[in-house]
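Remember, predicted model here, so these are calculated numbers, not experimental data. Residue numbers begin at 1 in each chain, while the letters A, B, ... track the order of the sequences.
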Number of protein chains: 2
Amino acid sequence: MYPQVLKTLIATDCIIVGIEEGTLKLLVIKRPIPPLKDRWSLIGTFLGIEETAHQAAHRVLYSATGLNNIYLDQLHTYTRPDRDPGGRVISIAHFALIRIADYHNNSSKQVGSKWFALNDLPKLIFDHDNMVNDALAKLRERAKFNPIAFELLSEYFTLKQLQNFYEELYQQKFDTANFRKKVLSYSFLVKTNKKVKDTSKKGSFLYRYDRKIYEELRSKEFKIRFI
Amino acid sequence: MYPQVLKTLIATDCIIVGIEEGTLKLLVIKRPIPPLKDRWSLIGTFLGIEETAHQAAHRVLYSATGLNNIYLDQLHTYTRPDRDPGGRVISIAHFALIRIADYHNNSSKQVGSKWFALNDLPKLIFDHDNMVNDALAKLRERAKFNPIAFELLSEYFTLKQLQNFYEELYQQKFDTANFRKKVLSYSFLVKTNKKVKDTSKKGSFLYRYDRKIYEELRSKEFKIRFI
DNA sequence: GCAAAAGTGTTCAGATTACACCCATGG
DNA sequence: CCATGGGTGTAATCTGAACACTTTTGC
């Protein structure tokens with residue numbers, strides 16, 4: 001139907017973020033195909049014929065981690081003609097948030113992939129370093145107003161772990177008293193009667209995030225800020 | 001280099017927004033090519049061989065409006081396999097902010113294009129209605145923290161015009177006293193000694209936006225909210 | 001002088017900040 | 001019994017919303 005103008009390959013690359021022991025980490029892979037085979041790379045794939053970019057990203061996430069139902073959002077599309085020395089390929093980058101514990105518990109994950117702390121990342125191929133920076137910037141924006149912390153933390157977490165996530169993401173300390181008051185002022189953090197004692201003698205209570213309560217609040221047009 | 005997987009056409013479509021007489025408007029065009037020739041459509045083009053999406057969007061904006069140096073930002077990439085009945089085409093949507101007065105003053109604009117008020121838009125082809133909705137949502141988000149109002153208003157404007165922009169974008173009224181206090185609390189709105197008398201007998205002072213001052217403020221990590 | 005838009009001041013409630021303080025417990 | 005991290009209370013300050021008010025000018 002259309003005149004024969006440029007046709008290109010479409011890729012999707014995923015910036016996969018998780019938090020472990022208070023440190024933000026990124027899942028990358030030793031690139032399995034040329035060019036630049038065996039160099040560190042984001043995990044990606046080419047778009048299939050009957051597939052949206054979102055579906056392709058979910059497909060590659062499943063093959064990399066064995067997990068479904070992952071938080072996934074389109075980030076930006078990278079189109080520089082020389083970005084991939086293997087040919088003209090544009091890449092629709094997505095970012096994904098993962099509970100690393102779930103990842104470790106899952107057997108069907110891909111070999112050759114590895115979690116790196118953000119401040120210890122190897123050089124990535126192509127423009128993947130840019131993608132990571134853009135993803136982190138977007139994550140910082142989004143985390144101020146959206147409950148994405150709970151996509152990374154495990155189901156039950158302490159308030160200190162929650163605070164650690166924000167401190168790690170924004171690279172700054174927050175006052176504990178004020179932080180607790182703020183997040184507890186909303187009702188969607190539900191205190192359980194379980195205590196965990198791995199960081200103190202007193203032990204600290206576990207909380208869980210109640211999505212229903214959050215969404216009800218949100219629908220009432222409340223301004224909900226996390227930080 | 002890569003195996004022969006799917007190659008597709010890449011398009012870019014522009015959501016071109018302006019404000020005129022207190023009303024937000026969108027620039028659309030009677031589609032010049034089949035399929036759906038002569039139906040209302042966003043203005044777009046196919047990506048050239050040695051071109052980024054950003055460059056292609058600027059190219060199509062120039063041909064549509066005769067203007068360069070337009071505020072342009074990537075919005076989202078639309079990839080549904082059936083989105084274009086003419087073939088598999090993915091579209092990298094951008095949104096652009098225009099001073100409509102500049103547009104009218106310019107002779108080299110494309111014929112067949114037309115400004116519609118947002119609440120009077122005709123049905124657009126393909127998924128272009130979705131694109132418009134997504135663009136407006138993003139604009140609303142962005143306008144809270146970024147000085148994009150000044151990309152739409154002319155160089156000199158009254159505070160009432162500025163307020164009108166926000167009232168139009170968010171479809172709600174703001175208290176004039178509080179609005180003025182807020183925007184004037186930052187120093188980047190510079191009062192001139194010119195008055196304009198087309199809406200009142202008293203007349204109202206014109207202000208201009210000083211980008212340098214804004215950027216200096218911003219670099220000092222101030223939290224700058226517009227609304 | 002008066003209507004009408006431009007522009008200012010005052011008040012009060014709620015949020016934010018800084019910081020001092022209490023609590024529980026394993027060693 | 002005390003060091004340590006968990007958890008709470010409070011006063012000072014800042015911000016935002018509401019609304020009453022003054023100013024200027026053409027008719």
In whole angstroms, how far is the C1' atom of C:dT16 from the CD1 atom of A:I227? 13 Å
Round to the nearest Å and state the distance from B:K182 atom NZ to D:dA18 atom P. 14 Å
By nearest atom, which of the nucleotides D:dT23, D:dA18, C:dT8 is closest to the B:K202 side chain? D:dT23
Picking from D:dC19, C:dA5, C:dT25, the nucleotide nearest the side-chain atoms of B:S200 would be C:dA5
Without swapping roles, check the side chain of A:R31 against the backbone of A:D38 for a donor-acceptor pair under 3.5 Å. no
Rounding to an integer number of Å, can you tell me how far B:R180 CZ sits from C:dG7 P? 4 Å
Selected nucleotide, minimal atom distance to A:F205 side chain, candidates D:dA18, C:dA3, D:dG7: D:dG7
Quickly work out the A:L159 CG to C:dC23 P distance and round it to whole Å. 19 Å
Can you tell me which nucleotide in D:dC19, D:dG5, C:dA6 comes closest to the side chain of B:N178? D:dC19
Using a 4.0 Å heavy-atom cut-off, does B:K181 contact any base of the nucleic acid, only the sugar-phosphate backbone, or nothing at all? base
For residues B:V17 and B:F95, determine if any side-chain heavy atom of one lies less than 4.5 Å from a side-chain heavy atom of the other. no
What nucleotide among C:dA18, D:dC19, D:dG6 has an atom nearest to a side-chain atom of A:K160? D:dG6
For the student: nearest non-hydrogen atoms of B:L26 and B:V132, plus distance: CD2-CG2, 3.7 Å
Ignoring hydrogens and geometry, is there a side-chain-to-backbone donor-acceptor pair from A:Q55 to A:T52 under 3.5 Å? yes
Between C:dC19, C:dT25, D:dG7, which one does the side chain of A:A177 approach most closely? C:dC19
Taking the nucleotide of DNA chain D with the closest heavy atom to each, which residue, B:K201 or B:R225, is nearer the 5' end? B:R225
